[in-house]
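Here's the structure, in structure tokens; my notes come after.
Order of the sequence lines sets the chain letters (A, B, ...), proteins ahead of strands, with each chain counted from 1.
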2 protein chains.
Amino acid sequence: MKEITSQQQRVLDCIQIYLKKTGFPPTRADICRELGFKSPNSAETHLRALEKKGFISIESGASRGISVNNQNNSFGGDEYPVIGLVAAGSPTLAEENIERTINCPKSFFESGFDYFLKVRGLSMKDAGIMEDDLIAVKKTTDVKNGDIVIARLDDEVTVKFFNRKSSNIVELEPANEDFENIVINLESEQLHIEGKSVGLLRRN
Amino acid sequence: MKEITSQQQRVLDCIQIYLKKTGFPPTRADICRELGFKSPNSAETHLRALEKKGFISIESGASRGISVNNQNNSFGGDEYPVIGLVAAGSPTLAEENIERTINCPKSFFESGFDYFLKVRGLSMKDAGIMEDDLIAVKKTTDVKNGDIVIARLDDEVTVKFFNRKSSNIVELEPANEDFENIVINLESEQLHIEGKSVGLLRRN
DNA sequence: AAAAATACTGAATGTATGTACAGTATAATA
DNA sequence: TATTATACTGTACATACATTCAGTATTTTT
């Protein structure tokens, strides 16, 4: 890929901004309007130069037939951290807890989400959540009974069903008969809701 | 957002696949070519319906002026079909079996995969596979004992553990004590392995 | 010093494309 | 039962657009 000139960079930026704004590429006239050129041929020659240098491809004859040659498609998709073992006392999203990141579209899980949590143990197995599964977590404290929540109790992070019994009593319920409910009295114990599960990802 | 019809869904999918492939939206004629319509007005009316229902926006007068209204501009990934109910006797990937598509990166599941299969029933619940989960399926006949396979028996598609007992006997084992093993004698019965599970996606 | 690339204006042209109009037919809705 | 939405074919046409040709001027490369 050869060197790009500053004017060609302007044209390339213009194309990408236009694409993001409208969802389709600009015409020669559009580029002229955006960049103040007075002849469509100004855009044309820049496009041909960009094509020659490999930055874009042009479908001959097709209107708006410009596509940007972005091999590293960091557009749209985002990098989401995978949280593994959470060190006691450290904030969940602290860097040392991030095992790696996964690139996936923003709204891959319907309500949007913030990170993946790697599941340890089988306390939620009857809800189809197995060891090493990745739970898509949306950071929120707005949880309803029956939601699968990511909760923090004494620096211990746990995944359970949420069940508010009364204004002061919350039960965290596993989905595995070998485990017992955790009953929390909010007056005497700290319960911090990190978020709730909005999806699950498993890779064999 | 109102209900979408199956034909309108086909058109919407066509637009997104075209976008992914070329980088710009299709013309009416392109859509006709892809879907077998013979009049550009067929595409036009579908586009207007999709616009009315809010799935797309159309820039009046602009060629290829279609933009898809899903908030996530998930460029870079691929569109993977979601296979729901498989009609008896029809090939799994036949168009009428495609419920919709999901955009996700190619290498989202490590060994690559070909489509998502929507799970019916709870026969694999102890393996953490619940109803309506989406199994990432890689088309292959190269399966080992213990693999979770997608198998076809008498036009019925099923997901089970694979276990070859001998050269002629294969057992398909559920992960749910309420279900029983399926024993197949390859000499007298047809067993077609569609592929194997390489991952799982669940959306709450 | 000549050639090639860059950076434009301006006009012209063929065609790619959106879009309206005229039909036909079936299913869903009021 | 009338009406609207869906699902098409087919023709036609104005215009949106790509693209070529003709210039001018500056900078970079050979």
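With salt bridges taken as basic N to acidic carboxylate O contacts below 4.0 Å, one links Arg202(B) and Asp133(B). Using a cutoff of 4.0 Å between basic side-chain nitrogens and carboxylate oxygens, Arg10(B) and Asp13(B) are not scored as salt-bridged.
With sequence neighbours left out, Phe24(B) forms a ring-ring contact (aromatic ring centres under 6.0 Å, His included) with no residue at all.
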What pairs of donor and acceptor atoms, side-chain ones from residues 55-62 of chain A against any protein atom, are under 3.5 angstrom apart with sequence neighbours left out?
unit_1, atom_1, unit_2, atom_2, d
Ser57(A), OG, Asn69(A), OD1, 3.0
Ser57(A), OG, Asn69(A), ND2, 3.3

For this session: Check the pair Lys196(A) / Thr140(A) against side-chain contact (heavy atoms from CB on, under 4.5 Å), numbers first and verdict last.
Result: CA-CA 7 Å; Lys196(A) 64 177 179 181; Thr140(A) 178; 3.8 Å; yes
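Between atom CZ of residue Arg33(B) and atom NZ of residue Lys38(B) there is a gap of 15.0 Å, rounded to the nearest 0.5 Å.
With Leu172(A) as reference, Ile182(A) is the one residue of Asn181(A), Ile182(A), Val183(A) to meet the side-chain contact (heavy atoms from CB on, under 4.5 Å) rule.
Of the residues in residues 35-45 of chain A, those lying under 4.0 Å from DNA chain C by heavy-atom distance are Phe37(A), Lys38(A), Ser39(A), Asn41(A), Ser42(A).
Within the structure, salt bridge (charged side-chain N to carboxylate O under 4.0 Å, His left out) pairs that include any residue of residues 157-172 of chain B do not occur (at least two apart or interchain).
Among the atoms of the strands shown, only primed sugar atoms or phosphate atoms (P, OP1, OP2) are found under 4.0 Å from some heavy atom of Arg48(B). Among the atoms of the strands shown, none is found under 4.0 Å from any heavy atom of Ala29(A).
Where Thr5(B) and Ala62(A) each meet DNA chain D at their nearest nucleotide, the meeting point lying more 5' is that of Thr5(B).
Along DNA chain D, read 5' to 3', the first and last nucleotides having any atom under 4.0 Å from a heavy atom of chain A are dC17(D) to dA22(D). Once you apply a 4.0 Å limit to the heavy atoms of chain B, the touched nucleotides of DNA chain C run 5' to 3' over dT17(C) to dA22(C).
Listed for the Glu194(B) side chain is no donor-acceptor partner under 3.5 Å among the backbone atoms of Ala151(B). Between the side chain of Arg152(A) and the backbone N or O of Leu191(A) there is no donor-acceptor pair closer than 3.5 Å.
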